[in-house]
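Data block below; observations after.
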Amino acid sequence: MNQFIQLLSKPYITIGASLTRIGFGLLLLYFYGIHYAQRGYLWGPNGVIDFELFQSTMIDYNSFSLYGLSASPLFFEIIFHLGLIFAFLYTIGFKGRFTSIVNFILVFSIHERNHLILDGGDNVMRIILFYLIFAQTTRFFSVDSYRRQITDREVKTSFVSSSLHNLAILAAVMQLCIMYLNSALYKVMGEVWQNGTAVYYTLQVEEYSLPFFRNIINSSDLIIALVTYGTVIVQISFPFLLFNKRTKYFSLILVVGMHIGIGIVMGLFTFSITMIVIDLLLISNKDYIKAFSFIRSKIKNIKFSKKRSSKDEGTVSEG
Amino acid sequence: MGKKLFALFLITAFCFHFIMTAIYVLPLNPVKAKGGILINSYMQPLFEQNWQLFAPDPLSNDFYIYLQVENKDGSHSDWFDLSTTLYKENQKNRISPNNRMVRLGPSSFLQTLRVDETVEKLKEKVPEDKLKSIEKKRGNEEFQQYGIDILYRYASSYVVKLFNEEDVERVRVRVLVEEAIPFSKKRDPNVESKKTYTTFDWEKYVKVLTP
């Protein structure tokens with residue numbers, strides 16, 4: 001038990017948590033921004049979903065949305081723009097905990113207002129945004145951390161704060177495992193996933209798939225079967241490969257590859273980016289620092305060699 | 001001591017939450033059947049989730065939404081295809097509002113057909129009148145009706161763009177479902193995909209913002 005308490009006292013994966021915060025923030029800014037011109041149509045009181053009907057379903061489902069509080073178009077504009085502002089504050093990491101709570105409420109509200117345009121990526125992001133309320137997400141790359149630096153204050157981490165942080169990160173990872181395992185389980189139950197043709201069927205849908213890739217993949221039965229079974233295997237193995245450090249990175253490469261494929265071929269790119277952003281929570285601070293210093297030295301090398309080559313050129317032209 | 005208690009509390013809450021989540025997302029099983037209401041009231045709406053992504057049977061149908069209007073003089077317009085341009089534009093450029101808006105039509109139509117998992121499982125085991133009352137309690141019919149309402153509003157939002165709005169009295173919606181050609185017949189040039197049309201009744205035109 002004492003060992004366990006010790007383990008909880010030090011916050012882990014704080015760099016990953018900060019990166020995920022930025023990733024989610026940017027995705028939310030994109031969500032609000034790309035639909036800015038259609039905001040009234042998608043979420044407003046005179047839009048595609050009738051306001052009164054929406055209100056009554058909120059009551060039926062014991063749910064809640066700030067957008068359901070008033071039918072006034074002005075009120076709608078205020079809530080929408082608050083959503084936009086808090087997504088921005090969340091991204092830059094200003095007033096960590098307070099902003100993450102308000103941002104979560106605003107995201108939850110806009111999701112509830114129109115469920116038709118959402119996908120699994122929005123679903124998992126919303127849940128993990130909730131878990132991350134309890135995490136320390138502004139330790140790095142944030143206004144909060146910058147302000148701490150200039151006032152030279154020590155980062156104080158109480159036992160409560162750090163244990164909450166660790167369990168929040170663990171919860172996000174658990175959620176990811178449940179998602180992949182469950183998704184794989186349902187796939188194994190399906191006939192076309194069993195006989196290796198599921199990818200053919202998903203690619204037939206005009207709503208998302210691209211004719212260009214459809215034709216390439218459909219031209220070979222081997223590719224269809226490989227991609228179909230491969231997807232199931234990647235998803236089912238994910239939680240088990242996390243236990244070991246080496247297999248963890250192997251699994252990360254597989255799932256990131258899978259999501260890049262889904263993003264490009266099926267055009268569900270915000271879903272894919274969301275999943276990749278969550279995967280940032282799986283990498284330890286030590287590995288991030290290693291990666292950063294590796295990148296830094298590479299950049300230095302490039303700069304150095306550029307300088308040298310420009311000098312060389314100089315001497316040549318002089319000669 | 002305080003630390004230990006707090007840690008214990010956190011771990012208990014954590015385990016409870018994920019046991020609930022695991023049961024909630026699994027297919028219907030004895031535990032879920034018994035504790036369903038309790039589990040749902042804990043999970044919804046905050047932790048609502050569904051991971052049947054493209055499974056067990058991936059959606060392989062194309063949905064095309066058509067709109068027809070009746071003018072005040074009683075004349076009917078042609079059927080207007082609202083979906084094809086949207087799909088084409090989404091394929092051309094993913095970084096656009098269409099990437100999500102393309103889901104409005106199909107999602108609202110699918111909502112009109114939503115099947116309640118629990119009611120479906122009970123179909124053979126429970127007498128019909130009891131089944132009806134269970135179905136009513138679960139509110140599935142209202143949810144379907146909600147989908148129909150959205151479908152009409154979705155189609156009506158195009159009236160300003162396509163017709164002379166002042167003349168429009170009533171609207172109706174037709175949905176074409178085009179099933180994918182079965183894998184075994186994908187190289188047969190004579191096979192055409194199966195098409196099903198659903199036509200909804202005439203409804204009074206209600207003004208909705210244009211997309």
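In what follows, chains carry the letters A, B, and so on, assigned in the order in which the sequence lines appear, proteins first and then strands, with residues in each chain numbered from 1. Reckoned from all heavy atoms, side chains included, excluding hydrogens, waters and symmetry mates.
Contact of B:Pro27 with chain A is made through backbone and side chain together, with heavy-atom distances under 4.5 Å. Looking at B:Asn40, neither its backbone nor its side chain comes within 4.5 Å of chain A, counting heavy atoms on both sides. With a 4.5 Å cut-off on non-hydrogen atoms, B:Ser83 does not touch chain A at all. Within the 4.5 angstrom heavy-atom criterion, atoms from both the backbone and the side chain of B:Phe54 approach chain A. Residue contact with chain A, scored on non-hydrogen atoms closer than 4.5 Å, is absent for B:Thr84. Heavy-atom distances place no part of B:Glu178 under 4.5 Å from chain A, backbone and side chain included. Contacts between A:Ser209 and chain B at a heavy-atom distance below 4.5 Å involve the backbone alone (N, CA, C, O). In this structure, chain B has a heavy atom under 4.5 Å from the backbone of A:Ser219, while its side chain stays farther away. Contact annotation for A:Tyr36: neither backbone nor side-chain heavy atoms come within less than 4.5 Å of a heavy atom of chain B. Residue A:Phe104 touches chain B through its side chain alone, counting heavy-atom pairs closer than 4.5 Å. There is no contact between A:Met58 and chain B, counting heavy-atom distances below 4.5 Å. Looking at A:Val199, there are no atoms closer than 4.5 Å to chain B (heavy atoms on both sides), in backbone or side chain. Residue contact with chain B, scored on non-hydrogen atoms closer than 4.5 Å, involves the side chain of A:Asp122 exclusively. For B:Phe109, no part sits under 4.5 Å from any heavy atom of chain A, backbone or side chain. With a threshold of 4.5 angstrom between heavy atoms, A:Phe212 does not approach chain B through any atom at all. In this structure, the portions of A:Gln175 lying under 4.5 Å from any heavy atom of chain B include both its backbone and its side chain. Only the side chain of A:Ile127 comes within contact range of chain B, judged by heavy atoms closer than 4.5 Å. A:Ile5 touches chain B through its side chain: at least one heavy atom from C-beta onward sits under 4.5 Å away, while N, CA, C and O do not. Within the 4.5 angstrom heavy-atom criterion, atoms from both the backbone and the side chain of A:Asp119 approach chain B. Proximity to chain B is absent for every atom of A:Val188, based on heavy atoms less than 4.5 angstrom apart. Contact annotation for A:Phe54: both backbone and side-chain heavy atoms come within less than 4.5 Å of a heavy atom of chain B.
Considering only heavy-atom pairs separated by less than 4.5 Å from chain B, the leading option among A:Leu8, A:Thr57, A:Asp60, A:Leu185 is A:Thr57. For chain B, the option among A:Ser163, A:Ala171, A:Ser9, A:Gly40 with the highest count of heavy-atom pairs below 4.5 Å is A:Ala171. Ranking A:Thr231, A:Leu164, A:Leu170, A:Leu203 against chain B, the residue ahead of the rest is A:Leu170, based on heavy-atom pairs under 4.5 Å. Each of B:Phe18, B:Phe6, B:Tyr154 has some count of heavy-atom pairs under 4.5 Å with chain A, and the biggest count is that of B:Phe18. In terms of heavy-atom pairs under 4.5 Å with chain A, the best-connected choice from B:Gln111, B:Lys88, B:Lys92 is B:Gln111. Ranked by non-hydrogen atom pairs under 4.5 Å with chain B, the options A:Leu167, A:Asn2, A:Asn195, A:Leu268 are led by A:Leu167. Of the listed residues (B:Lys207, B:Arg187, B:Gln44), the greatest number of heavy-atom pairs within a distance under 4.5 Å of chain A belongs to B:Arg187. Put simply, of A:Gln204, A:Glu112, A:Met179, A:His115, the one with the most heavy-atom pairs under 4.5 Å next to chain B is A:Met179. Annotation: maximal heavy-atom pairing with chain A below 4.5 Å, among B:Pro211, B:Ala7, B:Ser107, occurs at B:Pro211.
The two residues B:Pro45 and A:Ser63 have their closest heavy-atom pair at CB-OG, 3.4 Å. Residue B:Leu46 comes nearest to A:Phe108 through the heavy atom pair CA-CE1, 4.1 Å, listed as atom of the first residue, atom of the second, then distance. Residue B:Pro58 comes nearest to A:Trp193 through the heavy atom pair CD-NE1, 3.7 Å, listed as atom of the first residue, atom of the second, then distance. For the residue pair B:Pro97 and A:Gln38, the shortest heavy atom distance occurs at CB-OE1, 3.5 Å. Closest of all the heavy-atom pairs between A:Leu116 and B:Arg103 is O-CB, 3.6 Å. Residue A:Ile178 comes nearest to B:Ala22 through the heavy atom pair CD1-N, 4.3 Å, listed as atom of the first residue, atom of the second, then distance.
Between B:Leu53 and A:Tyr186 the shortest side-chain heavy-atom distance does not fall below 4.5 Å. Contact check for B:Gln49 versus A:Arg126: no side-chain heavy atoms found under the 4.5 Å cut-off. Looking at A:Tyr200 and B:Ile181, their side chains come closer than 4.5 Å, going by heavy atoms from C-beta outward. At a threshold of 4.5 Å between non-hydrogen side-chain atoms, the residues B:Ile95 and A:Phe269 count as touching. Using a 4.5 Å heavy-atom cutoff, the side chains of A:Tyr61 and B:Glu48 are not in contact. Counting heavy atoms from C-beta outward, B:Gln91 and A:Pro211 have side chains that approach closer than 4.5 Å. Looking only at side-chain heavy atoms (C-beta outward), B:Asp57 and A:Tyr201 stay at 4.5 Å or farther from each other. Considering only heavy atoms from C-beta on, B:Met101 comes within 4.5 Å of A:Leu42 through its side chain.
Atom CH2 of residue B:Trp51 and atom CG of residue A:Leu181 lie 13.5 Å apart, to the nearest 0.5 angstrom. Between the CZ atom of B:Arg153 and the CG atom of A:Leu53 there is a distance of 8.5 Å, given to the nearest 0.5 Å. Atoms CD1 and CG, from A:Ile49 and B:Asp149 in turn, are 9.5 Å apart once rounded to the nearest 0.5 Å.
The only member of A:Asn218, A:Val192, A:Ile224 that meets side chain to side chain contact (heavy atoms under 4.5 Å, CB included) when paired with B:Phe183 is A:Ile224.
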Working for side chain to side chain contact (heavy atoms under 4.5 Å, CB included), residues B:Tyr87 and A:Tyr208: CA-CA 8 Å; B:Tyr87 294 157; A:Tyr208 27 74; over 6 Å; no

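Side chain to side chain, B:Ser157 and A:Tyr41 meet the donor-acceptor criterion of an N or O pair below 3.5 Å.
Between the side chain of B:Arg100 and the main chain of A:Ile117, a donor-acceptor pair closer than 3.5 Å is present. Remark: the backbone N or O of B:Val25 is paired with a side-chain donor or acceptor of A:Asn182 at under 3.5 angstrom. Formation of a donor-acceptor pair under 3.5 Å by the B:Asn90 side chain with backbone atoms of A:Glu207 is found in this model.
Around atom CD of B:Glu165, more than 12 heavy atoms belonging to other residues, nucleotides or ligands sit under 6.0 Å away. Residue-environment remark: CD1 (B:Ile37) stays at or below the threshold of 12 foreign heavy atoms within 6.0 Å.
Classified by interplanar angle (parallel below 30°, tilted 30° to 60°, perpendicular above 60°), the ring pair A:Tyr131/B:His17 is perpendicular.
Using a 4.0 Å cut-off between a side-chain N of Lys or Arg and a carboxylate O of Asp or Glu, B:Lys186 and A:Asp221 qualify as a salt bridge.
Less than 6.0 angstrom separates the ring centroid of A:Phe130 from the ring centroid of B:Phe47.
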